[in-house]
Amino acid sequence: MNDALTILQERGFVQQCTDFEGLSKLMDEGPVTFYIGVDPTGPSLHIGHMVPFFALRHLRDAGHRGIALLGGGTARIGDPSGKTEMRKLISYEAIDENTERVVKQLDRFVGFDGVHALTANNKDWLANLNYIEFLRDIGRHFSVNRMLSFEAYRIRMETGLSFIEFNYQLLQSYDFLQLYKRYNCRLQIGGDDQWGNIVSGIELIRRIEGAECYGLTFPLVTTSDGKKMGKTEKGALFLDPEMTSPYEFFQYFRNVSDADVLRFLLMFTFLPVEECRRLGSLKDAALNEAKERLAWEVTSLIHGKEEADKALAAARAAFRGEGDATQLPTTEIDRARLEAGIGALDLFVASGLAPSKNEARRLIQQGGASVNGRKIEDERQVFSAKDMVEGAMMLRAGKKRVARVVVKKERQNT
RNA sequence: GGGGAGAUUCCCGAGUGGUCAAAGGGGGCAGACUGUAAAUCUGUUGGCUUUCGCCUUCGAAGGUUCAAAUCCUUCUCUCCCCA
């Protein structure tokens, strides 16, 4: 089998392939151009979106050429795959803005050099499509009967599927055709929920161009307890540091289940396979070493080494008391407010550890709140400057959430 | 266009005039147990004050009533059937 494909398979990327042998042969013959579609439907990608891009790097490093296709056109209608409800339509301006941000994020990770990795936007050929021509040239190749038999549409037969979404598959197929014509793109990779769309693109190319293209899908990454990977209390694990701080990002991976460590090391890091296996086979408490490594590696890939180091230092400070506490999430508080004395409830709300006073109260009543390592017994306890240790108070909510509170620096008058 | 069903707190889903901040489940949070894991058990889960209490919430806006998530009117949206 082709080397690059072997790597993907070894690392757990392969879910389905339209023609494994054919693809392997094609890749053996020389560099293959492939693409990944991304819908700019939000302001930031999350870790789940990155699986195909990890694969892209593996393939690129093996000499192949990857295209990140931004769905600036398709985002205008919404992909029904994997959704149980109709997607909200997003304004064109928002899509363009998202596209710009997403490209920037991907560029950090992939590095679009225009040679081995490049971007394209399907807005370029979709935005001004002529409806009648499209129906004659493309639409006639699609059978509604067949489309309805696809899982993605079948689920939606229950809850309702609008015509606009029903067209998504045609557009995505058309994308593949365009990329084939423009870049000689022969392979589409993506999440397994894209299988139906990928296959129909391949068929379309076969019918119109008489050429054989390929599709390869990756498993939808879930955690061992069946949840979608990358989901946190606050929503998804975003790449944007404003939306998910590097520390939170790090902690997510630091806290994965034992059963997920090996799988995640293989998919979300570029550590050699043997090293992943070694780390993944550690037992019991020793496995924590592997989790720490995993967290550092992924954070470093997404946010850079510096941020990864900081997150690691903060985590060690929070949980072992030996790292750098100043790297923990820190909140500033007005000097005046502190001098007047701040109640425990307000303190926890101000630190962001509790969204409301009621929650802060609950936290304290249930014994989950502490300041400087001392459990708060009475919610009416008041804190002031004398409770600062080395210029900061360390608040803890539960076992895992930590915040540091410092006095706001005196503002220079303007 | 005609007919029918529906919109409930983070999600699913009960609730058809007061006893409803609203059952139950899921999820979340906290505690115990631990390895910053999983599983399990317990508690908790709108806001403000905790003492009584007050405020906001049941698609939107009005109305009836001492009193509405529950009744009426209009509107918006979703689904189903017929055309």
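Each chain gets a letter, A, B and so on, in the order its sequence line appears, and its residues count up from 1.
- If you measure from atom CG of A:D260 to atom P of B:A38, you get 10 Å, rounded to the nearest angstrom.
- The listed nucleotides are B:G47, B:A30, B:G35; the one nearest the side chain of A:L363 is B:A30.
- Distance alone, capped at 3.5 Å, places no donor-acceptor pair between the A:R60 side chain and the A:G66 backbone.
- Distances shorter than 4.0 Å separate some side-chain N or O of A:K399 from OP1 or OP2 on B:A32.
- Here A:K357 reaches the OP1 or OP2 of B:U49: one of its side-chain N or O atoms lies under 4.0 Å away.
- Atom name C1', nucleotides B:G3 and B:U70: the rounded distance is 26 Å, in whole Å.
- A salt bridge does not link A:R76 to A:E93: none of the charged side-chain nitrogens sits closer than 4.0 Å to a carboxylate oxygen.
- The base of B:G31 does not come close enough to the side chain of A:Q366 for any donor and acceptor atom to sit less than 3.5 Å apart.
- In terms of phosphate contacts, A:R316 brings no side-chain nitrogen or oxygen within less than 4.0 Å of OP1 or OP2 of B:U36.
- B:G31 and B:C80 have their C1' atoms separated by 48 Å, with the value rounded to a whole Å.
- A straight line from NZ of A:K291 to C1' of B:A37 spans 3 Å, rounded to a whole angstrom.
- For the C1' atoms, the distance from B:G63 to B:U45 is 35 Å, rounded to whole Å.
- The same atom, C1', is picked in B:U19 and in B:U73; the two are 30 Å apart, to the nearest Å.
- Centroid-to-centroid, the aromatic rings of A:F270 and A:F54 come within less than 6.0 Å.
- Atom CD of A:E379 is separated from atom C1' of B:U49 by 10 Å (rounded to the nearest Å).
- Per the geometry, CG belonging to A:L294 stands 15 Å off P belonging to B:A37, to the nearest Å.
- Checked against a 6.0 Å centroid threshold, the rings of A:F249 and A:F253 count as neighbours.
- Nucleotide B:A30 holds its C1' atom 12 Å from the CD1 atom of A:I364, rounded to whole Å.
- Side-chain atoms of A:N358 and base atoms of B:G46 include no donor and acceptor less than 3.5 Å apart.
- Remark: B:A5 base-pairs with B:U78; criterion is Watson-Crick or G-U wobble with both hydrogen-bond distances under 3.5 Å.
- Here, B:U9 and B:A14 have their P atoms 13 Å apart, quoted to the whole Å.
- Between the A:D107 side chain and the A:F112 main chain, a donor and an acceptor come within less than 3.5 Å of each other.
- When each of A:L287 and A:G367 is assigned the nucleotide of RNA chain B bearing its nearest heavy atom, the one mapping closer to the 5' terminus is A:G367.
- Between B:G62 and B:C11, the distance separating the two C1' atoms is 31 Å to the nearest Å.
- Along RNA chain B, the nucleotide nearest A:L312 and the nucleotide nearest A:L345 are compared for position; the residue whose nucleotide lies closer to the 5' end is A:L312.
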